[in-house]
Student: 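I'd like to ask some things about the structure below.
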2 protein chains.
Amino acid sequence: MAKSKSLPAPLKHLLVKGNEQLHPGISVDCVIFGFHDNALKILLLNLESVKKWSLPGGFVLNNEDINDAAYRVLNLRTGLDNIFLQQFHVFGNPNRSDAKVHHLKFQEYGVKIPKNNWLIQRFITVGYYALIDFTAATIKADSYDSKFAWIDIEKVENLMMDHDYIIEKALQTLRTQLAYLPIGKNLLPKKFTMPELQKLYEAILNKKLDRRNFQRKMLGFEILNKLNETRKGGAHKAPFLYTFNDKKYQKALKEGLYGSW
Amino acid sequence: MAKSKSLPAPLKHLLVKGNEQLHPGISVDCVIFGFHDNALKILLLNLESVKKWSLPGGFVLNNEDINDAAYRVLNLRTGLDNIFLQQFHVFGNPNRSDAKVHHLKFQEYGVKIPKNNWLIQRFITVGYYALIDFTAATIKADSYDSKFAWIDIEKVENLMMDHDYIIEKALQTLRTQLAYLPIGKNLLPKKFTMPELQKLYEAILNKKLDRRNFQRKMLGFEILNKLNETRKGGAHKAPFLYTFNDKKYQKALKEGLYGSW
DNA sequence: ATTCATTGCGTTACACCGACACAATCTAAA
DNA sequence: TTTAGATTGTGTCGGTGTAACGCAATGAAT
């Protein structure tokens, strides 16, 4: 009924050039966490053709490191650079791919995907998670998806394919790593207050923390610089501002916060 | 000069059927840790054709979960079942594959790999690590490699392709996970003594631990059953034997040993 | 019987953690 | 201008776990 729009070049490219320019059967998916209004959110894209939300993902170029591919996806969507981005799991269930997603998408343009096309194969995907400053990102949708949204971690559900599970795994990883990696640098603006940092931790852990013990523990890691400024404007006592001490932060990223044993 | 032996069926199969039966461009590699003579060892295979040692690895069947593929490799090599096996990293550098390995191998049989054959492509590999009971395994080599060896972790070097790096990453992961996962069940015989368990931890961490504190900490995890038997035969006081409490062990595997936060 | 390394169990000092107290501060309302 | 109310900065205290070390018991070798 609806008049077919003409097929966008990037989509055509996938069908025609995918086979020779992209690594077969493997993709990357990015769980991009952002923090806003004291809530942890995830960047999702809407595939109108299947009426579902999905994670931003992409394919791996023939001569591209898979980590670079994930970074390219992240950068393309958010415009951000120098972001904490980490592999966390490989999803290799043979039934996870759903060709219907692609069929429906191309149907919008009245295009039928040829049998045995590169796109209609089983894909194994590598999950990455990233932490970004909500306020610094400028999100771009692309030809496959026209809408995006930051969706509260509590309200994520009914995503495309196995993306719910991917997010669950990402969140698990993030929570575990919170215990031994310094998290927060990318999720918060450069200057932030201790209560803001605490809210972030509480959102990730989904758990209230004691204000005073949190501060003591955080300062104990020695990765923060206390500034001689306060954040005025709130209706209460003005809290001090902090920044991350880049050098010590990087060191902690490599060596972990404790060491234990 | 040397008379060409005839090409073994599994190798021929790779060339001829790989394209239709195996997932393209993805492999799995297993870092199999064993414990013997108070040292941590890794199972390596020798590729005579390239005169280098390599990790046991394999490909993923078209309809096979990638985790099952890794498990299949582990089981094929060791004959063991019900083993702790975990993904730890994806190695996706575009230059990591080295077609020369395959060319040399097939040259042994006077066979030239056709251009653009399935085998001669870039492979992205998923690293898995496993912990096994050295004494329970019966190692099998296969048609690609004729020799195997347990090589001391300290002496691993100059492996094929990026396998040194893969092992380094595996060891890093193992050390990190030691702090929050119960390790040891698969590396030791069913019954073991506290000093034996300690030696294992010391081998993994490459660090001496205090005997008395180690015991207290271990018992504190409440994943061990103390038996009413001792290990006689040593030239000294007979230490008590322990087993892992399976139920609590599994629970700790899921939830971690601490929880922190 | 004696020797001696090893094991089982215990002690002490110290750091860290959770729970809570109290004073200082900032804005908004009175 | 003063007061109220919520929030922040700093400190205390008891419990817990850890590192470092002591000492008696054990068991094979001498």
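Here is how names work: the chains are called A, B, and so on, in the same order as the sequence lines, proteins then strands, and each is numbered from 1.
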Student: Determine, for B:Glu202 against B:Lys208, whether the closest basic-nitrogen to carboxylate-oxygen distance falls under 4.0 angstrom.
Tutor: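 Counted as a salt bridge, because a side-chain N and a carboxylate O are separated by less than 4.0 Å.
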Student: State which residue, out of A:Gln177, A:Gln87, A:His89, A:Lys169, fulfils the side chain to side chain donor-acceptor pair (under 3.5 Å) condition with A:Tyr129.
Tutor: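 When A:Gln177, A:Gln87, A:His89, A:Lys169 are each tested with A:Tyr129, the side chain to side chain donor-acceptor pair (under 3.5 Å) holds only for A:Gln177.
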Student: I need the CG-C1' distance between B:Asp210 and D:dC21, as an integer number of Å.
Tutor: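 So the CG-C1' distance, B:Asp210 to D:dC21, works out to 8 Å.
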Student: Between P on D:dG27 and CZ on B:Arg231, what's the gap in Å once rounded to a whole number?
Tutor: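 Whole-Å distance recorded here is 15 Å.
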Student: On DNA chain D, check which nucleotide each of A:Ala235 and A:Leu219 is closest to and give me the residue with the more 5' one.
Tutor: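 Looking at DNA chain D, the more 5' nearest nucleotide goes with A:Ala235.
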Student: Output the rounded distance in Å from CD (B:Gln215) to C1' (D:dC21).
Tutor: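 Computing the B:Gln215:CD to D:dC21:C1' distance gives 16 Å.
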Student: Just verifying a value: how many Å separate A:Lys185 NZ and A:Leu187 CG, rounded to the nearest 0.5 Å?
Tutor: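 That separation rounds to 11.5 Å.
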Student: Is there, by distance only and without an angle test, a donor paired with an acceptor across the side chain of A:Arg212 and the base of C:dA21 below 3.5 Å?
Tutor: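 A donor-acceptor contact between them is present.
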Student: With a cut-off of less than 4.0 Å, is there a side-chain N or O of A:Lys226 near OP1 or OP2 of D:dT8?
Tutor: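 Answer no for this pair, as no side-chain N or O of A:Lys226 is under 4.0 Å from OP1 or OP2.
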Student: Starting from the C-alpha separation in whole Å, work towards a yes-or-no answer on side-chain hydrogen bond (donor to acceptor under 3.5 Å, both in side chains) for B:Gln198 and B:Gln215.
Tutor: CA-CA 8 Å; B:Gln198 185 184 338; B:Gln215 163 142 348; over 6 Å; no
Student: Provide, to the nearest angstrom, the distance between the CG atom belonging to B:Leu197 and the P atom belonging to C:dT7.
Tutor: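 To the nearest whole Å, that distance equals 13 Å.
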Student: Rounded to the nearest 0.5 Å, what's the gap from CD1 on A:Ile151 to NZ on A:Lys41? Could you check?
Tutor: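 So the CD1 of A:Ile151 and the NZ of A:Lys41 are separated by 9.5 Å.
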Student: Between A:His236 and B:Arg211, which has a closest nucleotide on DNA chain D that is more 5'?
Tutor: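 In this pair, the answer is A:His236.
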Student: B:Lys208 has an atom NZ; how far is it from atom C1' of D:dA19, in whole Å?
Tutor: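 Going from B:Lys208 (NZ) to D:dA19 (C1'), I get 17 Å.
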Student: Roughly, in whole Å, what's the span from CZ in B:Phe214 to P in D:dG17?
Tutor: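 It is 17 Å, rounded to the nearest whole Å.
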Student: Tell me the interatomic distance from A:Met218, atom CE, to D:dT10, atom C1', rounded to whole angstroms.
Tutor: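 Between C1' of D:dT10 and CE of A:Met218: 19 Å.
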Student: Given C:dT7, C:dC26, C:dC9, which nucleotide is nearest the side-chain atoms of A:Lys232?
Tutor: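 Per side-chain heavy atoms of A:Lys232, the pick is C:dC26.
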Student: How long is the line joining CG of B:Asn213 and P of D:dT16, in whole Å?
Tutor: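 Nearest whole value for this atom pair: 18 Å.
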Student: Considering only side-chain heavy atoms of B:Pro239, which listed nucleotide, C:dG8, C:dT11, C:dC26, is closest?
Tutor: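 In terms of side-chain proximity for B:Pro239, the closest of C:dG8, C:dT11, C:dC26 is C:dG8.
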Student: Please check the phosphate of D:dT10 (OP1 and OP2 only) for any side-chain N or O of A:Lys237 closer than 4.0 Å.
Tutor: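 So the side chain of A:Lys237 is outside the cut-off, no N or O lying under 4.0 Å from OP1 or OP2 of D:dT10.
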Student: Map A:Ala238 and B:Phe240 onto DNA chain C by nearest heavy atom, then report which one ends up closer to the 5' terminus.
Tutor: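 So the residue in question is B:Phe240.
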